[in-house]
Amino acid sequence: MANEAPELLQKREVKVRREGLPDLENAEHGKVVLRFAPNPNGPLSFGHARGLVINSTYREKYDGTFILRFDDTDTKVKPPMLDAYRSIEEETEWLIGRKPDRVVIASDRIEEYYQHAMQMLEGGFGYVCRCSAEEFKVHRVGMTICPCRGQSNEDNVVLWNSMLKGVFKPGDAVVRVKTDMTLKNPALRDWPALRLQDTKAHPHPRPSVASNYIVWPLLDFQSAVEDHLQGVTHIIRGKDLMDSTRKQKLLYEHFGWSYPETMYWGRVKVHEWGGFSTSQMRKDVEAELYDGWSDPRLPTLQALKMRGIDSKALRSFWLELGITQKDISVPLATLYSHNTKVVDGTAPRLTFVRHPITFTLEGEAPSEISLPVHPNDASMGVRTWSLGSKEILLEGEDLEKMDLRLKEFADVALNDTIASMGSMERNDKRPIVHWLSSDQCRECILRYTKDNEIHHVNGQVETHAYTAGTIVQLERIGYARVMEDDSLLLCHEDHGEENA
RNA sequence: GCUCGCGUGGUGUAGCCAGGUCCAUCAUUACGGGUUUUCAUCCCGUCGACCCGGGUUCGAAUCCCGGCGCGAGCACCA
C-alpha cells in the first residue's frame, strides 16, 4: 500500500488531531525563552491567566526559560501598585505551579534603557522631538517630516542630556525612533520611545525608584530592548500588540538585532462579566465597592481562587482555547465544567440544609449511622452521625411530599412535626432528600454570587473540621469552598437560591 | 478616515499553510436515556456549523478576487 500510494499515507498522518498547543516556530529544545509582562497596576485577573498559562506551558514543552517581567514604566496613567509585585508573583506560582525562572522589573533597568537610547541617538536612528503631541499628530497624519527630525546626532545628544537634567517639562520633549513618515501604517511613523514624567508629583511606588528618574521608556521601547537583553526567543501575546511588534521590528533592524518569533491570541470576553479593566477595578476596590481584590464578584485570580476555582481548571480552560486570533466570548459554564472535573474526585461530601425545619424521628432508629465521605472513593472514609436526640432537619423545599427517603438512612412519613420511620431498605421510588441530625450540625451561612451581588442563605451544615480553602460538595446543592470565617461559598454560583 | 487582524454548530475548538477517506473533529451547553440512596460524578444518545457572492479546479472549509460583519492600532498607557 505504501508503495502504491505513499501520498495517501502521508496525508492521513497530517490530519491526525493535534494534541495540546501547536509547535513553536524555530524552537530548539532547551533554548526557548518566553516571558509574560504584566503591568503591576493591580493583581492579576482572569485574562492575564492566558498569558501565564500559554507561555509557561511552552516553557514546559521545550524545557525553556520563563520570565515574569513587571512592565512598570508609567507612574501617572497606570501607576504601579506596590502590593501587586508580591501578589503577582504569588498568583503566578499558584497558577503555573512553579516559580518563574527569572523575574525582571523594568523600573530596575532604567539605566539599561538610557544606554540604548543614547546608542540610538548617536547612531542617528532616533531623535529628540520637541513637538507637542498635537503638532506631531499633524505630521503623522500628513506623512510630513517634523523639524526636529533633521537635527544632528550631536544636537540630539545635547537635547537628551537636557531631558535627563530636567530642563524640559513632561510634554516638551520626547525621544522618537526614526522609521519612515510615509509608512502605510500610521501607527509606525516615528514612534515615541521615551518621554518625561513628573515623578515628583507622581513618584514611582517602589521606594528604591521613587522620584529618581524623570525620563522613562515607553512600552514599545522598554519591551523591545528588554526582550533582546533577556534573550527572548518567542513572544506570545494579545493581538492588540500586533502593531507593537511591527514598531519593535523596525527598532530591531536599527540595532541589528533579530526579532523573536511571535504569536497572538484574540480578545476574550466572559459572558457574565463583559469587559473590565484593572484600572476600573482598582478604583472600585479603593472606593470599597468590593471587599478587596479577592471579592468573589471580581474577575481576579485571587477571587477565582477564593471561589474555589482550581488552578488546574484555569490551565485546562486556557489550553483548550489555545492561541487563535479570533475574538471570542465564553460562558463561565465552560470554566466550571473544567473545575468540576478537577475537583469532584477529591471534594468530600457534606450536607447543608437551607432554612431547616425540625422534625422528631419516631420509630426504631439506630443510635448512629455512617455515610461515605465520597460515594466513589471508599478510601476517603466515612462520616458518623449520632441520632441520639431523635431530631432531624429537612429542607423546606423538600416538604411538598410527605413520603420521603432520608439519604443513606431510611424512609420517613411526615406528619406535623413528626417523621415516622419506615423501611431502612429502599423499596419504592419516593424522593431522596438530604437531611441532618441535630446532633451533628451547626449554623452556617452559604454565600453565592449572582448578577454581581453576593447573596446568602442561612442554614445548618453538618459538623466538620475542614479548614478554610477546602472544596467540599454540598450534596444536592453544589461545590463550595470553606471560607476563613467558617461560612461556605458556592464555587459555581447560582443554586441555593430557592429559599433565599 | 488610514492601518492591521479575524470570520467553522448556542459557546469554544480541530481541520486551512502543503485542495479529495470532511455527507467536517473534540469539548461544552441544551434535551433525552442509563448507572447511582445527591439535582454530583460517570456512561450512552439527540439537536446543531464551514459569513456572503464570484472565480480556479475533475474536486474548495481549505487556493484567488470582491463584498459584508466583528475586533484592534493610529497615546508623551500597558
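In what follows, chains carry the letters A, B, and so on, assigned in the order in which the sequence lines appear, proteins first and then strands, with residues in each chain numbered from 1.
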Under 6.0 Å between the ring centres of A:Trp191 and A:Phe221?
no

key: Side-chain N,O (A:Thr73) to OP1/OP2 (B:A78) below 4.0 Å   = yes

> Using the C1' atom in both, what is the distance from B:G7 to B:U62, to the nearest Å?
Replying inline: 14 Å

From the candidates B:U3, B:G12, B:U29, the one with an atom nearest any side-chain atom of A:Asn185 is B:U3

Point to revise | Ring-ring centroid check A:Tyr213 A:Tyr113, cutoff 6.0 Å | key: no

Establish, with yes or no, whether the OP1 or OP2 oxygen of B:A78 is under 4.0 angstrom from a side-chain nitrogen or oxygen of A:Arg282. no

Atom CE of A:Met181 and atom C1' of B:U3 are separated, to the nearest Å, by 14 Å

Whole-Å distance, A:Arg349 CZ to B:A40 P, equals 11 Å

*Without hydrogens or angle criteria, can the side chains of A:Asp72 and A:Tyr85 be said to hold a donor-acceptor pair below 3.5 Å?*
yes

Against the side chain of A:Ser329, the closest entry in B:G12, B:U37, B:C74 is B:G12

Among B:U37, B:C76, B:U11, the one nearest any side-chain atom of A:Val330 is B:U11

| said: If I pick the P atom on B:U8 and the same atom on B:C50, what distance separates them, to the nearest angstrom? | reply: 10 Å

Counting any heavy atom closer than 4.0 Å, what does A:Glu320 reach on the DNA or RNA strands: base, sugar-phosphate only, or nothing?
sugar-phosphate

Answer for the Watson-Crick or wobble partner of B:C39, both distances under 3.5 Å, is none

TODO: Taking atom C1' in both B:G45 and B:U3, compute the distance separating them and give it to the nearest angstrom.
DONE: 50 Å

Side-chain contact check for A:Ser337: nearest option of B:C6, B:U28, B:U13 is B:U28

Sorted by chain and number, sequence neighbours left out, ring-ring contact (aromatic ring centres under 6.0 Å, His included) with A:Phe359 holds for none

Closest of B:G73, B:U28, B:C76 to the A:Lys341 side chain is B:U28

side-chain N/O A:Lys239 vs B:G71 OP1/OP2, d < 4.0 Å:
no

B:A61 versus B:G9 - spacing of their C1' atoms, nearest Å: 14 Å

For B:C17, the nucleotide meeting Watson-Crick or G-U wobble distances (both under 3.5 Å) is none

Checklist entry - Does A:Arg69 make a cation-pi contact with A:Phe36 (under 6.0 Å, within 45 degrees of the axis)? => result no

Practice task
Answer yes or no for A:Arg109 and A:Tyr114: cation-pi contact, defined as NZ/CZ to six-membered ring centre under 6.0 Å and angle to ring axis within 45°.
Solution key: no

**Prompt:** Is the shortest side-chain N/O distance from A:Arg267 to OP1 or OP2 of B:A72 below 4.0 Å?
**Reply:** yes

Against the side chain of A:Gln325, the closest entry in B:U41, B:C6, B:G73 is B:C6

Applying the 3.5 Å cut-off to both distances, the Watson-Crick or G-U partner of B:C31 turns out to be B:G45

Would you tabulate the side-chain donor-acceptor contacts of residues 321-335 of chain A under 3.5 Å, counting partners in other chains and residues two or more places apart, or write 'none'?
{"unit_1": "A:Asp327", "atom_1": "OD1", "unit_2": "A:Lys239", "atom_2": "NZ", "d": "3.4"}
{"unit_1": "A:Asp327", "atom_1": "OD1", "unit_2": "A:Arg267", "atom_2": "N", "d": "2.9"}
{"unit_1": "A:Asp327", "atom_1": "OD2", "unit_2": "A:Lys239", "atom_2": "NZ", "d": "3.4"}
{"unit_1": "A:Ser329", "atom_1": "OG", "unit_2": "A:His271", "atom_2": "ND1", "d": "2.8"}

Re B:C68: Watson-Crick or G-U wobble partner, both distances kept under 3.5 Å, found to be B:G7

N/O to N/O distances under 3.5 Å, protein versus nucleotides 32-36 of chain B:
none

Expressed as a whole number of Å, how far does the C1' atom of B:U25 sit from that of B:A40?
29 Å

In Watson-Crick or G-U wobble terms, with both distances under 3.5 Å, the base opposite B:A61 is none

Quick note, A:Asp243 side chain, CB onward, closest among B:G73, B:U29, B:G12 is B:G73

Check your understanding: Is there a donor on the side chain of A:Lys326 or the base of B:C6 sitting less than 3.5 Å from an acceptor on the other?
Key -> no

Just checking, any donor-acceptor pair under 3.5 angstrom between side chains of A:Gln222 and A:Trp216? no

Against the side chain of A:Asp74, the closest entry in B:U3, B:U29, B:A78 is B:A78

